[in-house]
**Student:** 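Take a look at the following structure, please.
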Amino acid sequence: MIRPFLSVLSDALLDIAYPPEIEVVKEGFPLLPVLLLVAFVGLCVACAVILIKKSKAKNAKKPENGNE
Amino acid sequence: MLFAGLARAYTDMSIVTTGLLLYNIIAFGIQPMVGYLCDVKTRLPIALIGCGLLMIGLLAMRLVWPSLVLCALGNACFHIGGGRDCLNHSGGKMAGNGIFVSSGALGVGLGTLTGKSAGAWLWLPVALTAVSMALLIVMHKRKSAIHPALNKPFQCASERFSATTVLLLCAVSIVIRSFVGFTMPVHWKATAFLALLPSLGACAGKAAGGILGDWLGARRACCISLLVSIPLICLGANNVLLSMTGIVLFNFSMPFTLCAIASKLPQYPGLAFGVTTLCLLVGNIPVFFFAVPAAAVNWAVAALIVFSCACIFLASSGQRRTKLENRYNEREEGLVS
């Protein structure tokens, strides 16, 4: 019951106003930029691990008291 | 909106998608570093800086790539500002954090719709950012020390395991939630309006998850909701109501994972918030490159949710917040007397 209602409502209000949805492609990526981006994520993960270790070492020195 | 701007500037969809990937990586990847910086330099008005960067990026939208980078940097900064404040002022409760993060899911859905309107709605994010900046300036002037009643540690995470183990379990759960959230079968998302509903479901689930987690206990709320979401997501892919219920339940665990990570990094709420967004990014990246075969989607989704549920079961405390709070208060009173 809800589905046809939503469909009709959306068709009437939105589909006319907006262009068709953009599909995200999964092939044909430029290899070098994508490899660089993925390498950057790896770097971010490595940095986060180092920062967590650093913060845990500092926390060990301080008594636990709230978030800040 | 940036995605739509890129699509207008380039006909090659691979460039457009790479642009989206670049935005996600900057916006979500650098948040642990920004968060740590804010935890060390506590007076840094990072949310205001983020809104400023976003405003410049929005106004320079004709320069597609610089605008994309500026908006992504702004996103990283104001998320950390808001998330950090929320964790610091939540009084050890998950509810506030769930509500804060839930609005992001709705924003992504509304932004996608706005972006398809060929730039006519650009004034809306510019106006909202300006209002946010004005409020932040007012709040920054009034800012005082955190009230002791609001600065209680989170006690939703398990004490049986080491902090590293709990962090790892929560990280795995977030990565799975991100990946499954983008790959789960939603066959009814045929129109622009229906495409907005999953975002609404995710928003409702994250907000409700925090409230119910405080009430029922993190383990009970998250594990039951995740297990119930499996048949609804996998078997109700063609039905709006079943699928939406599944999406709502699937997102219940989000506030727990954020608060559990924050509980294990008590002096570093910015870093804790950043770690969760980095995990979201790690779960999102495979979606750009790989499509799970249609025949295997349901099995993959079910197996991943069960695994995520096991991670949360081990990482969470089985007790309700009221009991935990009473125990915390007794401990505090014992220390005072």
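Per chain, numbering begins at 1; letters A, B, ... match sequence-line order. Because only heavy atoms are used, hydrogens play no part in the values below, and waters and symmetry mates are left out as well, while side chains stay in. Quick caveat, the model's predicted, so the values are computed rather than measured.
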**Student:** With only heavy atoms counted, which part of B/L281 is less than 4.5 Å from chain A, the side chain, the backbone, both or neither?
**Tutor:**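 Contact with chain A involves the side chain of B/L281 alone.
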
**Student:** Should B/I30 and A/F40 count as side-chain neighbours, where that means a heavy-atom distance under 4.5 Å?
**Tutor:**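 Yes. Closest side-chain heavy atoms under 4.5 Å.
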
**Student:** Please classify the contact between B/L196 and chain A as side chain, backbone, both or neither, with a heavy-atom cut-off of under 4.5 Å.
**Tutor:**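 Answer is neither: B/L196 stays 4.5 Å or more from chain A.
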
**Student:** Quick one: are A/L37 and B/I285 in side-chain contact, heavy atoms under 4.5 Å?
**Tutor:**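 Not in contact.
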
**Student:** For B/T276, which residues count as a side chain to side chain donor-acceptor pair (under 3.5 Å) partner, sequence neighbours excluded?
**Tutor:**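 Residues passing side chain to side chain donor-acceptor pair (under 3.5 Å) with B/T276: none at all.
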
**Student:** Measure B/I25 against the heavy atoms of chain A and call it side chain, backbone, both or neither at under 4.5 Å.
**Tutor:**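 For B/I25, the contact with chain A is made by backbone and side chain together.
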
**Student:** Identify every side-chain donor-acceptor pair in residues 44-56 of chain A under 3.5 Å, counting partners at least two apart or on other chains, and give the distances.
**Tutor:**
| unit_1 | atom_1 | unit_2 | atom_2 | d |
| --- | --- | --- | --- | --- |
| A/S55 | OG | A/L51 | O | 3.2 |
| A/S55 | OG | A/I52 | O | 2.8 |
| A/K56 | NZ | B/T164 | OG1 | 2.2 |

